[in-house]
Amino acid sequence: MTLRTRFAPSPTGFLHIGGARTALFCHLHTRRHQGTFILRIEDTDTERSTQEAVQVILEGLTWMGLPPDEGPHFQSHHTRRYLDVVQEMLAAGHAYVCTCSRERLDAVRERQRETGDKPRYDGHCRNANLSPGAEPHVIRFRTPQEGEISWDDKIQETIRFANSELDDLILVRSDGSPTYNLAVAVDDHDMGITLVIRGEDHISNTPRQMHLFRAMGWEVPEYAHMPLLHGSDGAKLSKRHGAVSVLQYREEGFLPSAINNYLARLGWSHGEQEIFTMAELEQLFDVSQLGRSAAIFDRAKLLWINGHHIRAATPEQLLPELAMQLARLGIDPPPSTEELAPILPEFQARAATMVEMAQKCRFLFIDSVLPYEEKAARKHLTPGVQAPLSALATALDALPEWLTPAIEGAFQANLAAHNLTMGQLAQPVRVALTGSGASPGIFETMVMLGKQKTVQRIQAGVVWLRGA
RNA sequence: GUCCCCAUCGUCUAGUGGCCUAGGACGCCGGCCUCUCACGCCGGUAACACGGGUUCGACUCCCGUUGGGGACGCCA
């Protein structure tokens with residue numbers, strides 16, 4: 001039987017990092033086993049589902065490089081089918097009409113909490129044999145009360161629940177709409193899903209869905225419940241942890257390959273390898289090798305991995321992102337690919353994110369670097385360097401060609417003339433050129449900047465010194 | 001509270017009864033390289049939650065305790 005998995009987000013918000021991890025694991029595991037990866041939008045909650053959210057989820061998956069092989073399917077298109085299934089269950093006695101009011105339900109739960117029981121439906125209408133009349137009612141599943149239900153989870157071990165722990169879940173709401181567990185079971189069956197990969201927060205739904213399968217005589221799929229992603233406080237990742245849209249990570253200058261690499265290493269490992277390409281992951285990752293404990297999202301390590309991927313990336317991957325980040329820094333219009341291509345290598349090893357890279361090469365695309373970073377100016381632009389700086393500007397200006405050997409020659413001559421060491425002159429020049437005390441090599445920086453700007457900025461430094 | 005799941009350095013992990021005086025990675029701290037910053041390289045810091053078993057021998061198996069997480073909706 002060929003593998004069929006699905007990723008089933010509900011379109012009530014953006015695709016956050018936890019959801020992305022689930023999608024990634026579904027995708028990787030499916031690729032490895034040459035299966036089919038299906039996207040299903042769980043929009044049975046018409047109140048909260050939006051078209052925009054669907055769009056954002058799709059965008060997120062695309063950016064992550066996790067396009068589905070099939071779908072997206074929409075549960076809202078399957079309502080008829082769900083209701084038909086419920087009719088069958090009703091006819092077979094697997095479901096029944098319940099007219100309990102919300103008030104009564106609340107009261108029951110309240111009482112159960114007080115007595116220390118697990119809040120659940122008390123079966124009030126279970127044997128009342130009500131027929132669907134004008135009175136408001138829901139349809140509930142008649143959950144078996146004896147025995148237990150269990151499954152061999154592909155990630156966890158065997159998980160078992162006593163049926164007495166389960167209550168009679170609602171299949172159809174009083175407004176006639178189907179609920180989550182019903183829709184999931186029907187779709188997982190109809191779509192031929194053979195392996196359900198989802199977060200372990202769904203473990204308690206699994207016995208309910210399995211009972212639905214059994215009632216309909218369907219074959220139950222396999223399940224793999226992956227450990228959750230936690231924030232630094234150890235609790236399930238949520239908005240207050242900055243568990244924002246994956247697209248936000250793009251804004252922050254992360255590469256999708258790095259995010260995927262990092263996410264995959266949370267709960268999974270392959271020897272002592274830390275850096276993986278997407279192709280490697282697709283070949284190596286298997287959900288059955290996942291660890292069983294929750295992992296804490298660690299931005300520091302993500303940054304390190306992102307730096308690796310930036311260094312390993314091709315210009316084609318990086319250039320558009322760099323241009324975008326420069327634009328966000330106010331470089332308008334952003335430099336062209338042709339302008340950016342030659343400087344890219346100088347900054348690849350110096351940035352952990354594309355945002356950082358843009359900040360570090362920004363000085364190349366603005367008119368003036370003034371005002372200087374205060375600390376750098378105070379440390380390096382001292383009165384003593386005014387004369388050498390001035391002389392250097394003159395010498396550089398007189399250069400017939402702007403190539404490294406010539407620049408270096410002029411620089412070295414100036415060093416000797418003023419009896420200075422490399423560092424004593426390079427740092428002041430660096431501040432004049434970039435506004436900061438850190439940049440690529442000083443000659444490389446001058447070449448990238450061009451003769452005109454280089455000379456201008458050194459002269460501006462001299463002027464600044466006179467005023468200081 | 002009830003049910004379910006989990007438990008090795010701060011974090012991610014290796015470890016499947018002797019190879020472990022517990023390995024790697026991030027972070028942090030030193031050093032090297034060096035015109036600065038990175039990159040790279042070298043070194044250091046730091047963990048088997050606790051208590052009982054089982055066994056000639058437990059990080060590894062079993063039980064309990066503690067701790068953490070998740071689920072308890074006419075949400076998904």
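Keep in mind that this is a model prediction, so the values were computed, not measured. Chain A is the first sequence line, chain B the second, and so forth, proteins listed ahead of strands; every chain is numbered from 1.
- Between the CG atom of A:D298 and the C1' atom of B:rC28 there is a distance of 12 Å, rounded to whole Å.
- Contact check, A:R109 against B:rC74: a side-chain N or O comes under 4.0 Å of OP1 or OP2.
- Taking the centre and axis of the six-membered ring of A:Y121, the NZ or CZ atom of A:R140 falls inside the cone set by 45° and 6.0 Å.
- On the C1' atoms, B:rG68 is 39 Å away from B:rG31, given to the nearest whole Å.
- Residue A:R120 contributes atom CZ, which lies 19 Å from atom C1' of B:rC74 at whole-angstrom precision.
- In terms of polar N and O atoms assigned as donor or acceptor, the side chain of A:R160 never comes within less than 3.5 Å of the base of B:rC4 in a complementary pairing.
- Only one option out of A:H225, A:E157, A:Q156 pairs with A:R292 in a side chain to side chain donor-acceptor pair (under 3.5 Å); it is A:E157.
- Look at A:S269 and you'll find a side-chain N or O under 4.0 angstrom from OP1 or OP2 of B:rA14.
- Using a 4.0 Å heavy-atom cutoff across all strands shown, A:I305 reaches no nucleic acid atom at all.
- A residue-by-residue look at A:A294 and A:D233 shows that A:A294 has its nearest nucleotide of RNA chain B further toward the 5' end.
- The side chain of A:K301 places no N or O atom within less than 4.0 Å of a non-bridging phosphate oxygen (OP1 or OP2) of B:rU13.
- When the C1' atom of B:rG27 is taken as reference, atom CG of A:L302 falls 14 Å away, rounded to whole Å.
- One N or O donor and one acceptor, one from the side chain of A:E274 and one from the base of B:rG24, sit under 3.5 Å apart.
- Only the P atoms considered, B:rG30 is 14 Å distant from B:rC37, to the nearest whole Å.
- B:rG67 and B:rA49: their C1' atoms are spaced 7 Å apart (whole Å).
- Between the side chain of A:S174 and the base of B:rC74, at least one donor-acceptor pair of N or O atoms lies under 3.5 Å.
- Note: CG (A:N306) to P (B:rA25) measures 20 Å, nearest angstrom.
- With hydrogens and angles left out, the side-chain atoms of A:N181 and A:Q209 include a donor and acceptor closer than 3.5 Å.
- When heavy atoms are screened at a 4.0 angstrom cut-off, A:P227 is found touching no nucleic acid atom at all.
- Side-chain contact between A:M357 and A:I310 is present, with at least one heavy-atom pair separated by less than 4.5 Å.
- Between the base of B:rC39 and the side chain of A:R311 there is no donor-acceptor pair shorter than 3.5 Å.
- Look at the P atom in both B:rU13 and B:rC32: the space between them is 35 Å, to the nearest Å.
- Phosphate proximity of B:rC37 to A:S439: absent, as no side-chain N or O sits under 4.0 Å from OP1 or OP2.
- For A:Y262 and A:F254, the ring centers are positioned 6.0 Å apart or more.
- The two atoms that bring A:L465 and A:V385 nearest to each other are CD1-CG2, 3.8 Å, heavy atoms only.
- Base pairing of B:rC37 is not made with any nucleotide, judged by Watson-Crick or G-U wobble geometry with both donor-acceptor distances under 3.5 Å.
- Remark: the separation of the C1' atoms in B:rA22 and B:rG15 is 8 Å, to the nearest Å.
- As rounded to whole Å, 14 Å separates atom C1' of B:rC39 from atom CD1 of A:I275.
- For the P atom pair drawn from B:rU16 and B:rC59, the interatomic distance equals 14 Å after rounding to whole Å.
- For the pair A:K118 NZ and B:rG70 P, the interatomic distance rounds to 16 Å; values are reported in whole Å.
- Side chain of A:D168 to main chain of A:G123: no donor-acceptor pair is present (N/O by atom type, distance under 3.5 Å, no hydrogens or angles).
- Across all strands shown, A:G437 has heavy atoms under 4.0 Å from base atoms, whether or not it also approaches the sugar-phosphate.
- Between the base of B:rA76 and the side chain of A:N181 there is no donor-acceptor pair shorter than 3.5 Å.
- Within the structure, a side-chain polar atom (N or O) of A:R292 is placed less than 4.0 Å from OP1 or OP2 of B:rC6.
- Nucleotides B:rG24 and B:rG18, compared at atom C1', are 22 Å apart to the nearest Å.
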